[in-house]
Amino acid sequence: MTEIATRGVVFRGPGQAARIEALVLADPGRSEVLVRMAAAGVCHSDLHVVDGEWDRPAGVVLGHEGAGWVERIGEDVRGLEAGDLVVLAWTAPCGRCAPCERGEPWLCATPDGAGHRLSPELQRLHRPTGEPIGAYSGIGTFGEHQVVARSAAVKVDPRTPPEVAALIGCAVTTGIGAVRNTADVKAGESVTVIGVGGVGLSAIMGAAAAGAHPITAIDRSPAKLELAVRAGAHRTLLAEEAMQAAGSDQAFECIGLSQTAELAIDLVRPGGTVTLVGMTPQGHRASFDVYRLVEDGKRIIGSNYGSAVPARDFPRIATEYVEGRLPLDLLITERIGLEQLDDAFAAMRRGDGARRVIVY
Ligand SMILES: NC(=O)c1ccc[n+]([C@@H]2O[C@H](COP(=O)([O-])OP(=O)(O)OC[C@H]3O[C@@H](n4cnc5c(N)ncnc54)[C@H](O)[C@@H]3O)[C@@H](O)[C@H]2O)c1
Ligand SMILES: [Zn+2]
Ligand SMILES: [Zn+2]
């Protein structure tokens with residue numbers, strides 16, 4: 001055993017300020033990888049947890065969007081070596097369950113590193129007092145080091161800046177994947193994206209790369225709409241002007257509110273497709289006019305993790321960035337330290353900025 005001393009932001013329950021703690025990390029198991037975190041993005045899905053909108057266990061290092069360098073590998077790990085730049089996947093597909101066998105690894109029923117690594121076999125972190133600590137979604141990217149499952153660590157082009165690589169781990173893959181994989185947007189289709197934070201801006205980039213036209217961005221924040229234009233939107237609308245986008249071939253809800261999910265249904269033309277990407281607080285419901293939906297032949301799809309296959313999609317997206325085909329830099333509003341995480345959450349509640357990225 002060669003335990004290392006590290007630090008991470010531990011979730012202590014909703015409403016309680018997350019706190020940076022000194023922690024101890026054990027060696028990687030046979031098919032695990034020890035990663036030194038390079039950068040981690042602050043995603044609204046962390047904020048849902050902090051604000052008590054999603055029920056998650058206390059005693060886990062938060063963060064599920066990150067990239068780092070492989071520091072050590074378990075004895076059964078193939079295809080990775082120390083120094084590789086890896087993007088971490090918050091669903092690490094097991095490759096054996098029914099969804100994995102169907103080719104839908106984003107729905108993996110038994111992901112490697114499941115249960116936030118709180119079970120005794122998977123728990124690798126503890127407080128100096130010995131108390132076990134987990135890792136959110138198996139990767140806990142708001143920690144300076146983590147042990148993750150082999151399938152959670154996906155090697156990408158080392159020319160990818162770590163801050164950009166981090167965002168590929170959630171927002172970018174979620175947004176681009178929703179457009180490409182879930183909805184299969186075609187060149188010439190009109191696309192409306194509701195909510196242009198990290199996920200929505202990525203959806204716009206994916207739509208632009210697919211040749212969608214026109215692409216309409218909707219947000220309540222004018223500053224976000226300016227970013228949307230840089231991401232590839234042809235037209236922008238403030239929330240109260242949303243109905244001007246009615247008649248779209250495709251609409252993407254990227255906020256996580258019932259009312260904007262309902263709005264998305266109203267904005268697509270008969271035969272159009274609504275893809276729901278934003279996630280509400282648990283238990284929220286939305287409603288729609290069943291008669292109209294059926295008569296208009298509309299489709300509503302949920303998109304989990306951009307229906308992405310991490311081992312295929314992460315390297316592909318990183319390469320597109322390196323070749324200058326995806327303007328992912330515009331997602332980074334500010335580089336911060338772990339100490340500024342609470343400020344980043346406060347800014348996100350106000351809708352201020354795209355992504356804040358912790359740089360280690
Ligand atoms: N499906 C998935 O796999 C998946 C993955 C990652 C994130 N998410 C979810 O996607 C959502 C978006 O995440 P994000 O990190 O981009 O969030 P974010 O907070 O960065 O962006 C949300 C955007 O919505 C805008 N907004 C908020 N309320 C609005 C309203 N009433 N009308 C118009 N605009 C409004 C904000 O100004 C902001 O630009 C969250 O619910 C998150 O949990 C889902
Ligand atoms: Zn996320
Ligand atoms: Zn599986």
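Computation of the quantities below employed the complete heavy-atom set of this structure, encompassing side-chain atoms and omitting hydrogens, waters and symmetry-equivalent molecules. First listed ligand is number 1; within each ligand, the first listed atom is number 1.
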*Taking the Zn ion (ligand 2) as the vertex, what is the angle from SG of Cys170 to SG of Cys43, given to 10 degrees?*
130°
*Just checking, any donor-acceptor pair under 3.5 angstrom between side chains of Tyr321 and Asp157?*
no
*Can you tell if the side chain of Ile255 reaches within under 4.5 Å of the side chain of Ile194, non-hydrogen atoms only?*
yes
*Is there a donor-acceptor contact under 3.5 Å linking the side chains of Thr173 and Asp313?*
no
*Look only at the side chain of Glu320 and the backbone of Glu323, and say whether a donor-acceptor pair between them is shorter than 3.5 Å.*
no
*Which of these, Arg356, His48, His44, has its nearest heavy atom closest to atom 18 (P) of ligand 1?*
His44
*Determine whether the side chains of Asp249 and Ser190 contain a donor N or O and an acceptor N or O closer than 3.5 Å.*
yes
*Using 4.0 Å as the upper bound for N to carboxylate O, is an ion pair formed by Glu189 and Lys186?*
no
*Check each atom of ligand 1 against the heavy atoms of Cys170 and keep those under 4.0 Å away; list them by number with element.*
5 (C), 6 (C)
*For ligand 1, which atoms have a heavy atom of Gly195 less than 4.0 angstrom away?*
24 (O)
*Could you tell me whether Arg72 and Asp27 make a salt bridge, using a distance below 4.0 angstrom between a side-chain N and a carboxylate O?*
yes
*Under 3.5 Å, N or O to N or O, is Ser221 touching ligand 1 that way?*
no
*Ser137 and His64: side-chain donor and acceptor closer than 3.5 Å?*
no
*At under 4.0 Å between heavy atoms, which part of Trp54 makes contact with ligand 1: side chain, backbone, both or neither?*
side chain
_Using a 4.0 Å cutoff against the non-hydrogen atoms of Tyr305, which atoms of ligand 1 qualify?_
2 (C), 3 (O)
*asked:* Can you name the atoms of ligand 1, numbered from 1 with element, that are less than 4.0 Å from a heavy atom of Gly198?
replied: 16 (O), 20 (O)
*Of the listed options (Val277, Asp219, Leu276), which comes nearest to atom 25 (C) of ligand 1 when hydrogens are ignored and any heavy atom counts?*
Asp219
*Test item: side-chain donor near acceptor, Glu3 and His126, under 3.5 Å*: yes
*asked:* Under a 4.0 angstrom heavy-atom cut-off, which atoms of ligand 1 come close to Ser45?
replied: 6 (C), 7 (C), 8 (N), 42 (C), 43 (O)
*Please work out whether any backbone atom (N, CA, C, O) or any side-chain heavy atom from C-beta onward of Arg355 is under 4.0 Å from ligand 1, and answer side chain, backbone, both or neither.*
side chain
*How does Val196 reach ligand 1, if at all, at less than 4.0 Å between non-hydrogen atoms: by side chain, backbone, both, or neither?*
backbone
*Of the side chain and backbone of Lys224, name the one, both, or neither that has a heavy atom under 4.0 Å from an atom of ligand 1.*
side chain
*Any idea which protein heavy atom is nearest atom 21 (O) of ligand 1, and the distance to it?*
Gly197 CA, 3.2 Å
*Of Gly278, Gly175, Pro281, Cys254, which has the heavy atom at the shortest distance from atom 12 (C) of ligand 1?*
Cys254
*Flag Met279 as yes when one of its N or O atoms lies below 3.5 Å from any N or O atom of ligand 1, and as no otherwise.*
yes
*Without hydrogens or angle criteria, can the side chains of Thr333 and Arg356 be said to hold a donor-acceptor pair below 3.5 Å?*
no
_Glu163 bridged to Arg355 by N-O distance under 4.0 Å_ = no
_Heteroatom distance test (Gly256, ligand 1): nitrogen or oxygen, under 3.5 angstrom_ = no
*Any N/O/S atom of His44 sitting less than 2.8 Å from the Zn ion (ligand 2), backbone or side chain?*
no
*Best match, Ile255, Thr91, Val199, Thr260: closest heavy atom to atom 16 (O) of ligand 1*: Val199
*What angle, in degrees and rounded to 10°, do you get at the Zn ion (ligand 3) when you join it to SG of Cys94 and to SG of Cys108?*
100°
*asked:* Does only the side chain of Thr174 get under 4.0 Å from ligand 1, or the backbone, or both, or neither? Count heavy atoms.
replied: side chain
_Opening angle at the Zn ion (ligand 3) [SG, Cys100; SG, Cys97; to 10 degrees]_ = 110°
*Which part of Ala171 is near ligand 1, with near meaning a heavy atom under 4.0 Å away: side chain, backbone, both or neither?*
neither
*With side chain to side chain donor-acceptor pair (under 3.5 Å) as the test, would you mind laying out the steps for Thr216 and Arg235 before giving the verdict?*
CA-CA 5 Å; Thr216 304; Arg235 175 171 71 155; 3.2 Å; yes
*Is there a donor-acceptor contact under 3.5 Å linking the side chains of Arg299 and Thr273?*
yes
_Among all the protein's non-hydrogen atoms, which is closest to atom 33 (C) of ligand 1, and how far away is it?_
Arg220 N, 3.5 Å
_Atoms of ligand 1 close to Leu257 [distance to a heavy atom under 4.0 angstrom, numbered from 1]_ = 28 (N), 31 (N)
*asked:* Taking 4.0 angstrom as the limit and counting only heavy atoms of Met348, give me the atoms of ligand 1 inside it, by number and element.
replied: 19 (O), 20 (O)
*Charged N to carboxylate O under 4.0 angstrom, Arg220 versus Glu240?*
no
*Run the salt-bridge test on Glu21 and Arg127 with the 4.0 Å N-O cut-off and return the result as yes or no.*
yes
